[in-house]
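Whatever order the structure lists them in is the order used to number ligands and atoms, beginning at 1. Predicted model only: the values in this text are computed from it and were never measured.
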Amino acid sequence: MTRISVIGTGYVGLVSAAGFAALGHDVIGYDIDEQKIATLESGGCPIYEPGLEELLAEGRASGRLRFTADLGAAVAASDVVFVCVGTPQADDGTADLTQVEAVARDIAAHMTEGTVVVEKSTVPVKTAQWIRRTIELCGGRGFSVASNPEFLREGSAVQDFLEPERIVLGVADEQAREALLDIYAGIDCPKVVVDIETAEIIKHASNSFLAMKISYINMIADLCEAVGADVRQVAEGMGLDSRIGPKFLAAGIGYGGSCFPKDVRAFMRIAEQHDVNVGLLDETDRINEARVARLVARMRNDLWNLKGKKIALWGLAFKPGTDDVREAPSLRLARQLHAEGAILTGWDPVARETFLRAVGELPVEICDSPQDAAAGADAVIVVTDWPELREVDLASVAGRMRSPYLFDGRNWLDPEACASAGFWYRATGRPGVETVPGQAS
Ligand code: UGA
């Protein structure tokens, strides 16, 4: 059993804190946001993440998981301190590390000798060096710094934490190595023990590679669209080669979320600072940024003027299984369509509140069902691949629309089923099922 404190109870911090408690450790979660701590102390869960509430409840019940708004007390009572604070994107695309620096100072003021300070937030290479230097400048001695990047995905974060495909440990001394291997002893998976800079790069390189895979297939989708090929079949044909693999080859409206867009840019900036050409990543980002504009252009082809047209957004979260709308294509789409004068409705099973907060003044009427959002609309766009959308009675939706256009930004619905329900179906990177408007088979 290790005494652990987790500094920052956002996505990564909260899941990690609950996960460490489930592994049998004694965990204190800290956050600067007292409101959040009050919620957590009173048995609540500030974020939507499948399985997390249950894991938190188990941790609290076992007495191994507590929360506090007192950082000093948390650090003083711990052998290992995980830094899980935010590393948002600064205006120039670099990662803003001011929260990490502030926490490093606070840790220095309260830690005891022998403490292992572990960065878990996604940070650029060399951040651990800065953490070490900051703690030393504040008088810290006899401590270790390590890197343990997190690879969990929103929506399956609990499972990703408890059953990871690998654990990466960046260490510079035996004390940190042993402490981290002990903490994860209960998890059976490959443990990659490397130096700290290597661990830091593994995280950014992994996310950037996945983002690149998505932009790559989106580029292929554009070509498929131009020549009448089917990108889903192309991806299938490519993915059967084990060197390529089938995952992250779903073409569509592009990647969003709090990680890929930000991490690709931060990785570019740090590489540029070291005179490394990042054209590959630049193009990855550019292709992704252009996805929404491309869809809007295709809509103009079918709908002519968008001004005054009623358009329904099916799905608002950046992906299914989460209420997170950070960098979600839905936001970009709403802004562009609104700028063209379209009237917007939207539906999402969980991201309604987060979306409304994020769009602010922009008028989007949020409806209780996909059917309601589409009533009287000129077009529906599948923005998020929610499983619920596959259960919708498509014929009844098409029958209630002014013009039954369906733009599938995720290639999520069955083209034949959409066409026979009366939709004029437009896929991404694959031939639409061409029915003559009004004469669906
Ligand atoms: C991502 C990584 O997958 C995690 O391993 C990592 O730990 C996390 O970032 C992080 O750095 O914290 P996440 O942002 O939760 O996780 O979401 P993903 O499931 O990776 O999806 C990202 C975006 O790519 C979504 O918008 C999704 O719709 C899109 N996507 C994904 C595609 O457009 N096509 C695909 O084939 C796959």
Requested in this report: Sorted by first residue and then second, give each ring-ring contact (aromatic ring centres under 6.0 Å, His included) pair with at least one member in residues 201-220; sequence neighbours left out.
Outcome: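 Only H204-F267 qualify under ring-ring contact (aromatic ring centres under 6.0 Å, His included).
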Query raised in the report: Do E416 and Y425 have side-chain heavy atoms sitting under 4.5 Å apart?
Result: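 E416 does not reach Y425 side chain to side chain.
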Query raised in the report: Does a side-chain heavy-atom distance below 4.5 Å link L406 with M401?
Result: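 L406 vs M401: side chains apart.
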Query raised in the report: Considering only heavy atoms, which protein residues lie less than 4.0 Å from any atom of ligand 1?
Result: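 Lining ligand 1: E150, F151, L152, R153, E154, K203, N207, I214, F248, L249, A250, G254, Y255, G256, C259, F260, D263, F318, K319, R410.
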Considering only distance and modelled atom types, tabulate donor-acceptor pairs under 3.5 Å from the side chains of residues 11-24, sequence neighbours left out.
unit_1: Y11; atom_1: OH; unit_2: Y48; atom_2: O; d: 3.0
unit_1: Y11; atom_1: OH; unit_2: E49; atom_2: OE1; d: 3.3
unit_1: Y11; atom_1: OH; unit_2: T322; atom_2: OG1; d: 3.4
unit_1: S16; atom_1: OG; unit_2: V12; atom_2: O; d: 2.6

Query raised in the report: Quick one: do the T122 and K262 side chains pair a donor with an acceptor below 3.5 Å?
Result: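 Absent: no donor and acceptor within the cut-off.
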Compile the donor-acceptor pairs under 3.5 Å between side chains in residues 344-356 and protein atoms, sequence neighbours left out, one pair per line.
unit_1: T345; atom_1: OG1; unit_2: A373; atom_2: O; d: 2.8
unit_1: D348; atom_1: OD1; unit_2: V350; atom_2: N; d: 2.9
unit_1: D348; atom_1: OD1; unit_2: A351; atom_2: N; d: 2.8
unit_1: D348; atom_1: OD2; unit_2: L316; atom_2: N; d: 2.6
unit_1: D348; atom_1: OD2; unit_2: A317; atom_2: N; d: 2.9
unit_1: D348; atom_1: OD2; unit_2: W386; atom_2: NE1; d: 2.9
unit_1: R352; atom_1: NH1; unit_2: D368; atom_2: OD1; d: 2.9
unit_1: T354; atom_1: OG1; unit_2: D323; atom_2: O; d: 2.6
unit_1: T354; atom_1: OG1; unit_2: A351; atom_2: O; d: 3.0

